[in-house]
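Data block below; observations after.
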Amino acid sequence: HDLRKLFSAHSQFKTVSLPKKVDEYDPLTGTKNPHRGFAFVEFLTQDEARNAMQLCSSTHLYGRHLVLEYAKEGSTVNE
């Protein structure tokens, strides 16, 4: 995954999760887009997470600006 490459260049992480959605047609690419447009990255430490947030906050991937936020404790994908 390109997200793995992006974050591993700046910090160490445990997991990268890309939640999927029901197959929906993406008019921009003309294909089915199985991902919901966001990801969860779990870092080894809080310092690693802070470092990644600082270094990747103005990053673009596939022509889109990445919006980085800390997940709320106890929140789920559906919230």
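One-based numbering along the sequence shown.
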remark   = Rounded to the nearest 0.5 angstrom, the CZ-CD distance for Phe38 and Glu69 is 11.0 Å
query = Quick one: do Tyr70 and Phe43 end up in the same hydrophobic cluster if we chain Ile, Leu, Val, Met, Phe, Trp and Tyr together by side-chain heavy atoms under 4.5 Å apart?
reply = yes
With Asn51 via side chain to side chain donor-acceptor pair (under 3.5 Å) - residues at least two apart = none
ask   = Are side-chain heavy atoms of Leu61 and Leu3 found at a separation under 4.5 Å?
value = yes
query = Of all heavy-atom pairs between Ala52 and Leu68, which one has the smallest distance, and what is that distance?
reply = O-CD1, 4.2 Å
Show every donor-acceptor pair shorter than 3.5 Å between a side-chain atom in residues 11-18 and any protein atom, with sequence neighbours excluded, or say none if there are none.
| unit_1 | atom_1 | unit_2 | atom_2 | d |
| --- | --- | --- | --- | --- |
| Ser11 | OG | Phe7 | O | 3.2 |
| Thr15 | OG1 | Glu42 | OE1 | 3.3 |

query = Which salt bridge (Lys or Arg N to Asp or Glu O under 4.0 Å) pairs, counting each pair once, include a residue from residues 50-67, with sequence neighbours left out?
reply = Asp47-Arg50
query = Are any of the side-chain heavy atoms of Cys56 and Leu6 separated by less than 4.5 Å?
reply = yes
